[in-house]
2 protein chains.
Amino acid sequence: MKQPQITIIATGSEITAGRSIDTNSGWIANRLFEEGWKVRNFIALPDNPKTILEELLLLKRKAENDPDNPILAIMTGGLGSTEDDYTLQTVLDLQNKEREVVEKARIKLQKLIESRGRSYTEILPAMLRQVYVPSGSYTLDNSAGIAVGFAEEIAPSSFLVCMPGVPAEMKEMFNRRLLPFLKRNYGIENLKQTTRWIWSIGESLFQEEFMKNQKDLLSSGMDWGVTAQKGFIKTIFNAKDESLLNEVVSRIQNFYKELCTEDVFTEVHESLSLSRKSLAVAESCTGGLLGAKITDIKGSSAYFLGGVITYSNDQKVGLLGVGGDTIAKFGAVSRETCSEMADGLSDKTNADYSLSITGIAGPDGGTEEKPVGLVWIGRKKKGKPTETFRYLFPGNRETIRENAANTALYLLHQILPEREIK
Amino acid sequence: MKQPQITIIATGSEITAGRSIDTNSGWIANRLFEEGWKVRNFIALPDNPKTILEELLLLKRKAENDPDNPILAIMTGGLGSTEDDYTLQTVLDLQNKEREVVEKARIKLQKLIESRGRSYTEILPAMLRQVYVPSGSYTLDNSAGIAVGFAEEIAPSSFLVCMPGVPAEMKEMFNRRLLPFLKRNYGIENLKQTTRWIWSIGESLFQEEFMKNQKDLLSSGMDWGVTAQKGFIKTIFNAKDESLLNEVVSRIQNFYKELCTEDVFTEVHESLSLSRKSLAVAESCTGGLLGAKITDIKGSSAYFLGGVITYSNDQKVGLLGVGGDTIAKFGAVSRETCSEMADGLSDKTNADYSLSITGIAGPDGGTEEKPVGLVWIGRKKKGKPTETFRYLFPGNRETIRENAANTALYLLHQILPEREIK
């Protein structure tokens, strides 16, 4: 089956005015990539029916003029109930069609409105706009909301898909309804994918020292990508032939050893959940960011006790029992203070694992001896002495703080028991 | 002067594969909006010279065929030194031009390379790619990096602007070099802008209960937008006539009273910095997020002492001195526990202002009586009794936590002394 040229379209004036960031398109591209399709381009358009119609007409003409290269356009947004939701009308104009009601969705909406009582009946007419599609469309049910999605054939084997812009609704609709439709129409390549994280190196060094020597795998059909994260890079490989992926993973692990990990955040979470070990944090320059990252994961209350944010020196002494003389002699950003922070935290909380961070996030406060980016991280396993690690992170305040918090989790990851169900 | 149709183009396979989010385009759109220009659309393209050339040719032909509607295309990315940086070559193909070196940039690069010692001379040839532009281009110096940007006239009064994809470099280049160029070529409308935040309401309610009654201002030339944040909405108004903005601000303040604020994060920071009052936080369900937000702002060490993350009940007792019987009787998520958290924090840190948060972020842990989204926030000014506030935030775990942290800062904002230099 001929693979389509894929365009993802996000509509919304808040996007093209720079007030809101379109995350739907990236999510869709990522899901398509996982299923074996590559995206040609993204387009974002304001809520302006003329502009939207112009762009859709361009795509339709291109598909009509070049039937050997079908187009798949996936559009999000503009299916709501307010005046600036133009998607349905624009598609009706594009296709020269009338609208038709999706009876199942209409009944669901009516029941919902009625259950909310009388005051809602006045908004019913506007809400009803969301349960119409172009006549004869392939309908995409919305299991997480009201607005119905649809797919229109704009040229032979070329489709325009319209879904709501609300991420939760769009994602449900994509996975449950759109994906089966796409597989039927375009087949799948059945691509396998694997990722590895590599710590403390940048993208260009990875390309230079590792990827340059993988020409044999790349010429055999492996594809790769890398994205810089904070403190690590995320490498992604895909291929139809799984043995290529096994080979590259084996090489990457050999080359980078303990710097190569899987998803550290998930593995730390799973390991602590299964082993029933507890964790506490003492944060200075990260100011709560490490705790926020840990508790971002649901279920982290099973092992995360909490900790202290000791942004000022007084609080390092008061809340953690760091020696005032230690800070006076070595400074707040020092191996000694970092070590006493982890010790004090361990004493106060009795956690199985204690992490401490102290550093200079900048932009001010750096010196020649202790520049901006210098961060000490302490790691203590209960009953053992605290180990300390010195880092000099590049970048601005935000980057340094993210680097520090992520790297602390990496250091914890290094000493966790294997993630096995005992 | 005729205003251009503006297209913003981001290049990068990491974007169209969904592995990285394009934030440059939104930033540029926002800056252009502030200067009085509206963007027609965004495009994101993979690092594929054929695709990029195709899109640029479309724009060029459109500009040539419709000289009354000039086009301004602003493209980021693809100006680096690696093999997948195709922008320069593509523009040379588009314009049928040769490249020329930017001598000033070449000398700067050479000096930089030499200063790093011999091992870098082997990478000089690749690096040198970055200091070439199409011959006769308008050059955009890079004060924050190496790669030179440029603007090419693709049709009369229509320009294609190319800038690096590194945000810090692009932003510097935009503000310092591109903006003056655009103002010379397209004039400016000199739009005034103002924003207000409104707490605890959604976008649609704002439209329904407030904006519907502003038709007089809208028909006089005021433009508006709104973006949903976590815990508040951000409303934006612009107009050439400043009195329209003064009028809408006066109406919005009258209508929403204390729920209407300016930028709370900035005002809290400025107020505490100037008044030299100290702040501490005690976080349960937010797990450090509030501290992370506060310390995200440089200079927050002037007033932020730190605090405690008491994710477990034991730590609420151990680190803050909350009564074990209080938790047993009323629960960890209760007015009483929240109040004792703020009291304990105030005792431990002696901060001028103490904030406490305890709630149910979900997805698990909710009951009929205490559903997911229930959050208590405590606010204590030293020497006065703690006040507590009950919220029921909508959304998922992330949204609830963001809502809680932002709203805590809003509650603090309400009792801060006026931000005046005494």
Side-chain angles (χ1 to χ4, degrees), chain A residues 13-21 23 25-31 33 38-46 51 55 82 204 207 225 227 236 281 283 286-292 294-296 298-299 301 304-312 314-315 318-319 348-349 362-364 397-398, chain B residues 13-21 23 25-31 33 38-46 51 55 82 204 207 225 227 236 281 283 286-292 294-296 298-299 301 304-312 314-315 318-319 348-349 362-364 397-398:
Chain A
S13 297
E14 71 285 2
I15 298 168
T16 53
R19 295 195 301 267
S20 171
I21 284 177
T23 55
S25 300
W27 186 89
I28 293 170
N30 210 353
R31 284 291 290 117
F33 187 79
K38 271 194 191 174
V39 170
R40 182 187 176 277
N41 63 330
F42 289 3
I43 301 174
L45 301 169
T51 306
E55 291 289 333
T82 58
S204 47
Q207 181 164 358
T227 46
I236 304 166
V281 299
E283 306 188 52
T286 46
L289 188 62
L290 176 57
I294 293 166
T295 56
D296 201 33
K298 67 175 181 178
S301 58
F304 185 60
L305 303 180
V308 292
I309 304 168
T310 52
Y311 214 58
S312 71
D314 283 354
Q315 300 307 322
L319 290 175
K348 295 263 179 196
T349 63
D364 306 317
R397 182 177 178 86
E398 183 201 338
Chain B
S13 297
E14 72 283 5
I15 297 168
T16 53
R19 294 195 300 268
S20 170
I21 286 178
T23 55
S25 299
W27 186 89
I28 293 171
N30 211 350
R31 285 291 289 118
F33 186 79
K38 271 194 189 172
V39 170
R40 181 186 177 279
N41 64 330
F42 289 2
I43 301 174
L45 302 169
T51 307
E55 291 289 332
T82 57
S204 46
Q207 181 164 0
T227 45
I236 304 167
V281 298
E283 306 188 51
T286 47
L289 188 62
L290 176 56
I294 293 166
T295 56
D296 200 33
K298 66 174 181 178
S301 57
F304 185 60
L305 303 179
V308 293
I309 304 169
T310 53
Y311 214 58
S312 71
D314 283 353
Q315 300 305 322
L319 290 175
K348 295 263 178 196
T349 62
D364 306 316
R397 182 176 178 87
E398 183 202 337

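Order of the sequence lines sets the chain letters (A, B, ...), proteins ahead of strands, with each chain counted from 1.
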Heavy-atom distances under 4.5 Å only: say whether [X] touches chain B with side chain, backbone, both or neither.
X: D364(A); result: neither
X: S301(A); result: both
X: L305(A); result: both
X: K38(A); result: neither

Can you say whether [X] sits under 4.5 Å from chain A via the side chain, the backbone, both, or neither, judging by heavy atoms?
X: R40(B); answer: both
X: T310(B); answer: backbone
X: I294(B); answer: neither
X: T16(B); answer: both
X: I43(B); answer: both

Query - Minimum side-chain heavy-atom gap E283(B)-T295(A) below 4.5 Å - result: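 No. Closest side-chain heavy atoms not under 4.5 Å.
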Query - Side-chain heavy atoms of T23(A) within contact of I21(B), under 4.5 Å - result: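 Yes, close enough: below the 4.5 Å cut-off.
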Query raised in the report: What option among G362(B), A44(B), P46(B), A17(B) has the most heavy-atom pairs under 4.5 Å with chain A?
Result: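 Top option by heavy-atom pairs under 4.5 Å: A44(B).
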**Report entry** Heavy-atom pairs under 4.5 Å with chain A, option from E398(B), R31(B), Q207(B), E55(B) with the top count
**Finding:**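 Maximum pair count with chain A is reached by E55(B).
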Query raised in the report: For K348(A), what residues pass the salt bridge (charged side-chain N to carboxylate O under 4.0 Å, His left out) criterion, not counting sequence neighbours?
Result: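 Counting only residues at least two positions away or on another chain, K348(A) forms no salt bridge (charged side-chain N to carboxylate O under 4.0 Å, His left out).
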Requested in this report: Please identify each residue that fulfils salt bridge (charged side-chain N to carboxylate O under 4.0 Å, His left out) with E14(A), with sequence neighbours left out.
Outcome: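 In terms of salt bridge (charged side-chain N to carboxylate O under 4.0 Å, His left out), with neighbours along the sequence ignored, E14(A) is linked to no residue.
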If you tally heavy-atom pairs under 4.5 Å against chain B, which of [options] wins?
options: L289(A), L45(A), D296(A); value: D296(A)
options: G291(A), G26(A), G287(A); value: G287(A)
options: S13(A), S312(A), G318(A); value: S312(A)

Requested in this report: To the nearest 0.5 Å, tell me how far Y311(B) OH sits from F304(A) CZ.
Outcome: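 The CZ atom of F304(A) is 8.0 Å from OH of Y311(B), to the nearest 0.5 Å.
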Query raised in the report: Rounded to the nearest 0.5 Å, what separation is found between the CD1 atom of I309(A) and the OG1 atom of T349(B)?
Result: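 Output value for this atom pair is 11.5 Å.
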Query raised in the report: What is the minimum heavy-atom distance between G307(B) and L319(A), and which atoms define it?
Result: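 Smallest heavy-atom distance, with atoms named: O-CD1, 3.7 Å.
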Requested in this report: Taking all heavy atoms of A292(A) and all of G288(B), pick out the closest pair and write down the distance.
Outcome: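 Minimum heavy-atom contact is CB-C, 3.9 Å.
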